[in-house]
Number of protein chains: 2
Amino acid sequence: MRRSSRRVTQAEVARLAGVSQATVSHVLSGSSEVRIGEETRQRVLDVVRRTGYTANPVAQRLAGGRNRIIGVFTYEPVFPRDRSDFYHPLFVGIEREAEAQGLDLLLFTSAPVRSGRRRLLDDGASRLGMADGCLLLGQHDDKRDLAELIGRGFPFVFVGRRESDAGLVPYAAADYAAATQAVVERLVDLGHERIGYLGDLGPNESHKDRRAGYHAAVAAAGLRPVLLDGTSIDGDTALDLLLDNRLTAVAVGDFVLPHALLDAARRRGLSVPGDLSIVQLGDPSAAHTAELSGFRIPREEMGTAALQILTGIIAGDLPQEQWQQTLPCSLITGETAGPPTTPTTTPRRTPALSGAAGSPAPVDPTRPGDTAAAPTSEDPA
Amino acid sequence: MRRSSRRVTQAEVARLAGVSQATVSHVLSGSSEVRIGEETRQRVLDVVRRTGYTANPVAQRLAGGRNRIIGVFTYEPVFPRDRSDFYHPLFVGIEREAEAQGLDLLLFTSAPVRSGRRRLLDDGASRLGMADGCLLLGQHDDKRDLAELIGRGFPFVFVGRRESDAGLVPYAAADYAAATQAVVERLVDLGHERIGYLGDLGPNESHKDRRAGYHAAVAAAGLRPVLLDGTSIDGDTALDLLLDNRLTAVAVGDFVLPHALLDAARRRGLSVPGDLSIVQLGDPSAAHTAELSGFRIPREEMGTAALQILTGIIAGDLPQEQWQQTLPCSLITGETAGPPTTPTTTPRRTPALSGAAGSPAPVDPTRPGDTAAAPTSEDPA
DNA sequence: GATCGGCGCTGATGCGCATCAACGGTGAGG
DNA sequence: CCTCACCGTTGATGCGCATCAGCGCCGATC
């Protein structure tokens with residue numbers, strides 16, 4: 001095991017080919033301004049082939065060139081243990097695009113996950129510079145992180161829409177607003193007049209967009225919006241909330257609640273969609289989408305698009321108008337949306353929970369997005 | 001957006017602290033031989049804090065230091081689309097250990113997957129040098145890859161046992177031999193006298209180990225080994241093969257076949273384990289393990305162990321005896337292994353498939369591992 | 001015949017850091 | 001008093017590469 005065998009350098013190749021190191025560099029760079037004679041070029045390439053020379057990416061990078069490495073920062077573990085891999089579809093798209101473009105991916109796993117999230121500024125910032133640019137993924141979007149990144153002028157792209165006062169935030173996002181509007185409009189078309197929104201009422205962009213779509217559809221139909229806080233409540237509590245508000249349809253913006261709600265409704269003898277229509281606003285867990293009406297988030301495409309934007313920014317040939325891309329969601333017809341029926345039986349309340357303290361109260365803001373803050377949701381993108 | 005704001009360098013810190021760049025380097029390196037006065041040290045650290053200086057990993061690496069980046073090379077896509085993520089449990093362990101040690105992970109996604117696998121030497125070789133060391137994962141183990149890596153003296157660790165003529169191959173592997181031996185011994189204890197091995201008969205180490213365990217158990221019991229090629233056959237064909245050989249129990253070393261075989265047997269009215277006991281030799285898809293007897297591969301631990309070995313090698317403080325680690329598999333009792341019953345009904349053959357051409361013939365080698373070559377299996381580790 | 005421009009190539013430089021040899025200073029020992 | 005060891009610090013060097021300015025050479029032009 002000869003540890004001595006150091007790797008071949010350009011200087012070595014140059015010596016063997018009888019040229020200068022600079023010439024080797026030019027030959028290998030290819031599309032340089034400098035011209036190299038065909039004979040010399042072939043001589044160099046021959047030596048490269050014979051010696052098996054391969055460029056040292058580290059030196060390339062230090063010398064100011066690109067190294068075709070893309071950093072990937074996730075606020076949560078890339079490979080979670082507990083549930084099915086949330087990032088997986090995103091990474092499928094990212095890896096495919098990386099392979100297509102010949103890029104390597106640097107996962108910033110060194111930043112420890114503390115209280116559920118990684119910290120970009122404290123731990124990851126230094127390592128960022130290793131890559132040509134960086135992809136950001138995850139539910140958190142510390143405004144300081146964004147401002148810092150923008151301030152540095154370091155190329156980055158967020159997966160999921162983000163906004164910052166510090167400047168333009170490049171992103172690849174799903175069009176939650178349009179998709180939500182579409183599914184709520186469908187409920188309107190089906191004849192519903194009391195359509196609620198149950199979900200995260202916090203400032204996260206992905207939920208703001210859903211609410212905006214909801215408000216647009218409801219307003220267009222001349223209906224009254226009913227916003228309910230759906231964070232950290234179970235299916236029964238949610239159902240009570242809906243019944244209290246005498247809703248016939250609800251758009252649910254959380255990604256476990258729709259199933260819990262469906263279960264609770266059926267358990268109590270309510271017919272879905274007969275007595276209650278349920279649409280879910282995007283669902284990361286494809287396994288459960290079979291039945292529920294709603295829409296699908298184009299995660300794989302988001303990953304691909306994000307990486308394409310990033311390489312465009314790095315190359316400097318992507319106009320700023322294209323730094324933000326919004327991808328359409330595909331609608332899922334499902335089986336939980338249907339025309340409302342006049343209730344023949346009085347909806348049964350759960351006695352124990354009826355009017356229980358701590359049950360979230362309905363919110364009815366005058367302006368979209370102007371609702372009470374709520375804990376962060378479980379849906380990062 | 002001031003793209004001009006270049007990042008802070010040691011030289012910058014040195015200037016502000018009124019010391020030399022070398023001093024800054026020494027202060028930050030910490031455990032150097034060189035001593036720095038406490039006052040100077042604090043002055044430097046203050047400036048570092050104020051400026052938010054962070055070391056440039058590229059320069060660190062080029063200058064001969066470590067950069068705390070671990071390369072990860074997989075022969076197949078890291079994030080596969082078609083089936084449940086095979087690498088996932090491995091990566092869970094790797095990521096956890098990387099986080100614990102403050103390491104970043106560089107995924108070599110730039111090497112295109114051609115005809116089902118990535119090529120290490122052609123595409124990935126150059127990029128390898130970017131990292132302090134490298135983890136190799138996947139079903140293929142090109143002997144030239146191994147020889148090349150060993151020859152370079154580049155630190156690497158394989159996940160899964162690998163051997164090479166070129167030298168010691170560091171790995172973290174599952175103890176397939178012991179686990180297989182244990183489950184086959186259990187079949188022996190249950191009273192079986194005709195126990196077959198159905199699986200990959202190729203040279204892949206993971207299958208060689210399984211066969212070795214099988215042979216050990218069978219030989220100890222004074223039984224005759226029956227090796228059957230289980231690659232690329234369906235459940236019915238496999239079942240015919242077993243019936244032809246009048247086996248009462250079989251150890252199956254492929255990871256979809258056991259389920260197909262079980263289905264086929266039950267479909268044909270055979271009782272399992274009454275008429276036929278089936279044990280599977282490790283199963284990557286945890287979703288299906290509920291029923292089948294066999295053993296579980298400690299994938300997460302393999303990932304963790306591999307990374308620990310690698311950092312040990314990089315640090316130079318891991319004795320060579322510990323460069324290869326074999327982890328025990330946990331046995332799964334399951335419901336498909338039981339005592340044999342004297343067959344009251346003649347096993348039913350499928351007429352159409354009986355003796356059909358192309359049906360793999362049984363193999364009965366005199367020496368373990370000395371069997372006909374077979375296509376690569378689906379089990380990488 | 002002197003000038004010019006373009007072609008083909010090279011020397012020098014620096015990226016940011018780790019590392020080494022060495023230097024001045026200080027106190028202890030002879 | 002001189003020597004010596006040791007401490008704290010520094011200048012110099014090089015990692016492998018990209019890049020820039022510029023060199024010598026050639027034929028073409030005036």
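The chains referred to below are lettered A, B, ... by the order of the sequence lines, with proteins before strands, and numbering in each begins at 1.
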From Thr311(B), Thr304(B), Ile70(B), Leu310(B), residue fulfilling side-chain contact (heavy atoms from CB on, under 4.5 Å) relative to Glu97(B): Thr304(B)
Quick check on dC17(D): is either OP1 or OP2 less than 4.0 Å from any side-chain nitrogen or oxygen of Gln60(A)? no
Between Tyr87(B) and Tyr75(B), does the ring centroid distance fall short of 6.0 Å? no
Taken to the nearest whole Å, NE2/His26(A) to C1'/dA18(D) is 7 Å
Measure from CZ on Arg41(A) to C1' on dC7(C) and round the result to the nearest Å. 15 Å
Which nucleotide in the list dG16(D), dC17(C), dG8(D) gets nearest to the side chain of Asn56(B)? dC17(C)
Length of the CD1-P vector between Ile36(B) and dT10(D), whole Å: 8 Å
Would you kindly give the CD-to-C1' distance between Glu39(A) and dG8(C), to the nearest whole Å? 12 Å
Do the side-chain N or O atoms of Thr23(B) get closer than 4.0 angstrom to the phosphate oxygens (OP1, OP2) of dT10(D)? yes
Spell out, as yes or no, whether a donor-acceptor pair under 3.5 Å connects the side chain of Glu95(A) to the backbone of Val78(B). yes
So what does Val19(B) hit on the nucleic acid, given a heavy-atom distance under 4.0 Å: a base, only sugar-phosphate, or nothing? sugar-phosphate
Atom-to-atom span, CG of Leu62(B) to C1' of dC15(C) - whole angstrom: 9 Å
Need one value for Val24(B): base, sugar-phosphate or nothing, where a base atom within 4.0 Å counts as base even if backbone is also close, heavy atoms only. nothing
Taking the nucleotide of DNA chain C with the closest heavy atom to each, which residue, Thr40(A) or Gln21(A), is nearer the 5' end? Thr40(A)
Shortest side-chain distance from Thr9(A), nucleotide among dC17(D), dA12(D), dA12(C): dC17(D)
Taking the side chain from Thr109(B) and the backbone from Arg96(A), do they hold a donor-acceptor pair closer than 3.5 Å? no
Expressed as a whole number of angstroms, how long is the span from Arg15(B):CZ to dT9(D):P? 20 Å
Identify which nucleotide among dA12(D), dG14(C), dA18(C) has an atom closest to any side-chain atom of Ala22(B), counting heavy atoms from C-beta outward. dA12(D)
Kindly say if Ser25(A) contacts the phosphate of dA18(D), meaning a side-chain N or O under 4.0 Å from OP1 or OP2. yes
Quickly work out the Gln10(B) CD to dT19(C) P distance and round it to whole Å. 11 Å
Tell me the interatomic distance from Arg35(B), atom CZ, to dT10(D), atom P, rounded to whole angstroms. 17 Å
Should Gln308(B) and Gln325(B) count as side-chain neighbours, where that means a heavy-atom distance under 4.5 Å? no
